[in-house]
Colleague: 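Provided herewith is a single structure, encoded as structure tokens, for subsequent inquiry.
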Amino acid sequence: MAINTSILKKPLDIKFDLDFGQLAGASRMLGVDISASSIKMVELSRKGKPPYSYSLERYVIEPMPTDALQDGGINQIEQVSECLRNALKRMGTRQKKAVMALPLTAVITKKINVPAGLREDDLEFQVETEANQYVPFALDEVNLDFQVIGPVPNYPEEVEVLLAAARKDKVEDRVAAALSAGLKVEVMDIEQFAAQSMFARAITQQLPDEGKDKVVALIDIGASVTRINVLLNGESVYMRDLSFGGNQLTQEIQNQFNLSPEEAETAKRNGTLPENYSNDVLKPFCETVALEVSRALQFFFTSTQYTQVDFIFLSGGCASIPGLEEIISGRTNVITQIVNPFADMALSGRVAQRQLKMDAPVLLTASGLAMRGFDPS
């Protein structure tokens, strides 16, 4: 089993119900991705019987105040709740069931081996016993969960388990913000795993032979962090974060055109910058992105057994910058594309296809969270 499903699906003391019987039959679900720059909310619907067909019903991207989040945690619950309410209002949905996530940096994860064939209560006891060795907090201060990955290679009497623990306050803050906005959190997942799951699905739609046996790198360029996740046959073989992102472009716009941070961000989004913006600011930024990606891949090659990457996919707020994929491809000599998590989905009449083409790479995590809501496992 690939590590791409929720491993925080049973918070121990959070005051909301995880009714997986109801969740399993859900026909619509919201995925809510809270990042430092914005809230991304996606509503997916599921129809028919396995293999199901999915549809993107609606989505919204709601800007967030710069100080609402800090180090991946919610710093201003009231501000986040207000942004969630605004997003729901703009979205126009009556759906309230949602899946949310924590950043991987807020979660302690560890792979362990346990005897195969344990009953569920014995397995839980074994995991809790092991967790005491790896979690630097008292267990009553954390939400602990686990996911059975599968048999240990060459050791059929053991199974590999991924355990995860997060401080309760980190989970409770997100749940409280959601409840205040009128949402019911059905599942708490992990951002990178939700994005990875959706990305693995997108690869099968966007690459020949479903990308089988190809080494594929997902480069997610966020506001302040660029995340590298290299996959082989749907499973991650390498992850790394870079302290680099779209905020550096915004800073350059501020410096070049004497704008405030808010004015620079608005002008960047609306395309209302002077004519020399493209050559003087945007092109040098793209070259810097390409250089950072190239360096990250070289580090991947020197620190793993792999010697090549077959494809690069871009996601995040900077992915849709015109020409960026060509510049990265030229620098790395790797075919580069923009990820589209909705490649195999129908689009409702409420979705503007032209705008979605720009927004799709930003919605990877949110769509992965919504998809996770259909999976009760």
Side-chain angles (χ1 to χ4, degrees), residues 1 3-20 23 32-36 67-81 98-150 152 158-180 183-194 196 225 227 236 239 241 365 369 372 376-377:
M1 181 183 297
I3 309 171
N4 58 15
T5 56
S6 170
I7 55 173
L8 285 177
K9 60 184 181 295
K10 297 182 290 187
L12 302 183
D13 295 317
I14 301 304
K15 304 304 182 185
F16 62 89
D17 296 326
L18 295 179
D19 185 351
F20 286 126
L23 188 61
V32 182
D33 173 24
I34 301 177
S35 70
D67 61 344
L69 260 65
Q70 188 173 24
D71 298 327
I74 293 181
N75 190 40
Q76 300 288 342
I77 289 181
E78 296 82 5
Q79 290 182 345
V80 175
S81 294
V99 178
M100 299 178 73
L102 290 169
L104 189 58
T105 52
V107 183
I108 299 165
T109 61
K110 181 70 178 178
K111 289 182 182 179
I112 61 173
N113 295 344
V114 301
L118 290 178
R119 296 182 307 176
E120 185 170 353
D121 54 348
D122 292 331
L123 180 57
E124 288 182 3
F125 177 79
Q126 184 81 24
V127 169
E128 286 192 16
T129 302
E130 293 281 347
N132 276 309
Q133 303 179 43
Y134 304 110
V135 178
F137 312 108
L139 289 188
D140 60 1
E141 297 178 8
V142 302
N143 293 124
L144 176 69
D145 205 354
F146 62 91
Q147 178 75 37
V148 176
I149 300 170
V152 177
E158 294 184 347
V159 294
E160 191 173 42
V161 174
L162 180 64
L163 66 83
R167 290 287 297 267
K168 285 183 179 179
D169 56 342
K170 299 291 186 183
V171 178
E172 289 168 348
D173 284 350
R174 273 172 161 73
V175 173
L179 288 174
S180 179
L183 291 171
K184 181 184 179 184
V185 181
E186 300 283 348
V187 177
M188 187 67 70
D189 209 320
I190 297 175
E191 290 173 358
Q192 281 90 324
F193 290 180
Q196 177 181 317
V225 177
R227 293 192 166 98
S236 178
M239 282 188 183
D241 286 358
T365 298
L369 292 171
R372 170 66 185 88
S377 64

Colleague: Looking at Ser180 and Ser81, what are the two nearest heavy atoms and their distance?
Modeller: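 Residues Ser180 and Ser81, closest heavy atoms: CB-OG, 3.5 Å.
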Colleague: So, taking the atom named OG1 in Thr109 and the one named CD in Gln147, what distance separates them when rounded to the nearest 0.5 Å?
Modeller: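 It comes to 13.0 Å.
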Colleague: Nearest heavy-atom pair of Thr365 and Ala194: which atoms, and what distance?
Modeller: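 Result for this residue pair: O-CB, 4.2 Å.
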Colleague: To the nearest 0.5 Å, how far apart are CD in Glu172 and CG in Leu179?
Modeller: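 Going from the CD atom of Glu172 to the CG atom of Leu179 covers 11.0 Å.
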Colleague: In Å, rounded to the nearest 0.5 Å, how long is the span from CZ of Arg174 to CG of Asp169?
Modeller: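 Here the interatomic distance stands at 11.0 Å.
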Colleague: Does the side chain of Leu369 come within less than 4.5 Å of Val187's, by heavy atoms?
Modeller: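 The answer is no, as the side chains (C-beta and beyond) never meet within the 4.5 Å cut-off.
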Colleague: Is any side-chain heavy atom of Pro115 closer than 4.5 Å to one of Asp122?
Modeller: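 Not touching, per the 4.5 Å side-chain cut-off.
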Colleague: Can you check side-chain contact (heavy atoms from CB on, under 4.5 Å) on Leu69 and Asn75, steps first, answer last?
Modeller: CA-CA 5 Å; Leu69 260 65; Asn75 190 40; 5.9 Å; no
Colleague: Quick check: does any side chain N or O of Lys110 sit under 3.5 Å from a backbone N or O of Ala165, one acting as donor and the other as acceptor?
Modeller: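 Between the backbone of Ala165 and the side chain of Lys110 there is no qualifying donor-acceptor contact (under 3.5 Å).
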Colleague: Judged by atom type as modelled, is there a donor-acceptor pair below 3.5 Å linking the side chain of Glu158 to the main-chain atoms of Val152?
Modeller: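 Checked: no pair found.
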Colleague: Could you report the tightest heavy-atom contact between Lys170 and Leu102, atom names first, then the distance?
Modeller: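 Distance-wise, the nearest heavy atoms are O-CD2, 3.7 Å.
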Colleague: Any side-chain heavy atom of Asp173 sitting closer than 4.5 Å to one from Val80?
Modeller: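 No; the side chains remain at least 4.5 Å from each other.
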Colleague: Closest heavy-atom contact between Ala116 and Val159?
Modeller: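 Scanning both residues completely, I find the closest heavy atoms to be CB-CG1, 3.9 Å.
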Colleague: Are Val148 and Leu123 close enough, and set up right, to give a side-chain contact (heavy atoms from CB on, under 4.5 Å), and what steps lead you there?
Modeller: CA-CA 10 Å; Val148 176; Leu123 180 57; 3.8 Å; yes
Colleague: So does Ala106 get a backbone contact from the side chain of Arg167, meaning a donor-acceptor N/O pair under 3.5 Å?
Modeller: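 Such a contact is absent between Arg167 side chain and Ala106 backbone.
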Colleague: How close do Ala166 and Val107 get, counting heavy atoms only, and between which atoms?
Modeller: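 Closest approach of Ala166 to Val107: CB-CG2, 4.4 Å.
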Colleague: For the side-chain contact (heavy atoms from CB on, under 4.5 Å) test, which of Asp33, Ile34, Leu104 pairs with Glu191?
Modeller: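 Testing each of Asp33, Ile34, Leu104 against Glu191, the sole residue satisfying side-chain contact (heavy atoms from CB on, under 4.5 Å) is Asp33.
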Colleague: Testing the basics here: between Leu183 and Ala98, what is the closest heavy-atom pair and its distance to 0.1 Å?
Modeller: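 Closest heavy-atom pair between Leu183 and Ala98: CD2-CB, 4.4 Å.
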Colleague: Rounded to the nearest 0.5 Å, how far does CZ of Arg227 lie from CD of Gln192?
Modeller: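 One gets 4.0 Å once the value is rounded to the nearest 0.5 Å.
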Colleague: Considering only heavy atoms from C-beta outward, does the side chain of Val32 approach that of Val99 to under 4.5 Å?
Modeller: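 A side-chain contact is absent here, since even the closest heavy-atom pair is not under 4.5 Å.
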Colleague: Could you check if a side-chain atom of Asp67 sits within less than 4.5 angstrom of a side-chain atom of Gln79, using non-hydrogen atoms only?
Modeller: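 Yes, close enough: below the 4.5 Å cut-off.
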Colleague: Would you check if Lys111 and Ile149 make a side-chain contact, meaning some heavy-atom pair closer than 4.5 Å?
Modeller: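 With C-beta onward as the side chain, the pair touches.
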Colleague: Side chains of Leu162 and Phe193: closer than 4.5 Å at any heavy-atom pair?
Modeller: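 Yes - at least one pair of side-chain heavy atoms lies under 4.5 Å apart.
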Colleague: Between Ile112 and Phe146, is there a side-chain heavy-atom distance shorter than 4.5 Å?
Modeller: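 Side-chain contact under 4.5 Å: no.
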Colleague: Counting only heavy atoms not in Tyr134 (residues, nucleotides, ligands), do more than 12 fall under 6.0 Å from its OH?
Modeller: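 Result for OH/Tyr134: enclosed.
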